[in-house]
Trainee: 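Pasting in a structure now, in structure tokens, and then I'll have a few things to ask.
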Amino acid sequence: MTPSDGAAGRAAHRSRIPLICPRCGREQRVVPGGPGRAVKVVHADTGREACEPGDLAHAPDDGTA
């Protein structure tokens, strides 16, 4: 596939798949890094890497604990 066959246009219009925290189930987002700064994944609603304590109480039980 080449950009001239429309593949790039279709890929640009696809909907994003949200990142979901495996611990609490809330949506996350990627914060880009830069020179001397690592890429981070944070919770979309709080902007923090860590889960909120109340969110962990509602986490789905995957049977690994």
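Excluded from the calculations below are hydrogen atoms, water molecules and symmetry mates; all remaining heavy atoms, backbone and side chain alike, are included.
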Trainee: For Arg48, what residues pass the salt bridge (Lys or Arg N to Asp or Glu O under 4.0 Å) criterion, not counting sequence neighbours?
Mentor: Glu52
Trainee: Considering the options Thr46, Asp45, Ile20, which one meets the side chain to side chain contact (heavy atoms under 4.5 Å, CB included) requirement together with Arg26?
Mentor: Asp45
Trainee: Listed by chain and number, what are the side-chain contact (heavy atoms from CB on, under 4.5 Å) partners of Val31, not counting sequence neighbours?
Mentor: Arg29, Lys40, Val42
Trainee: Of all heavy-atom pairs between Glu27 and Pro18, which one has the smallest distance, and what is that distance?
Mentor: OE2-CB, 4.1 Å
Trainee: Going by side-chain contact (heavy atoms from CB on, under 4.5 Å), name the residues that satisfy it together with Val30, two or more places apart in sequence or in a different chain.
Mentor: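 Partners of Val30 by the side-chain contact (heavy atoms from CB on, under 4.5 Å) criterion, ordered by chain and then number, come out as Leu19, Val39, Val41.
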Trainee: Using side-chain contact (heavy atoms from CB on, under 4.5 Å) as the criterion, list what pairs up with Pro32, not counting sequence neighbours.
Mentor: none
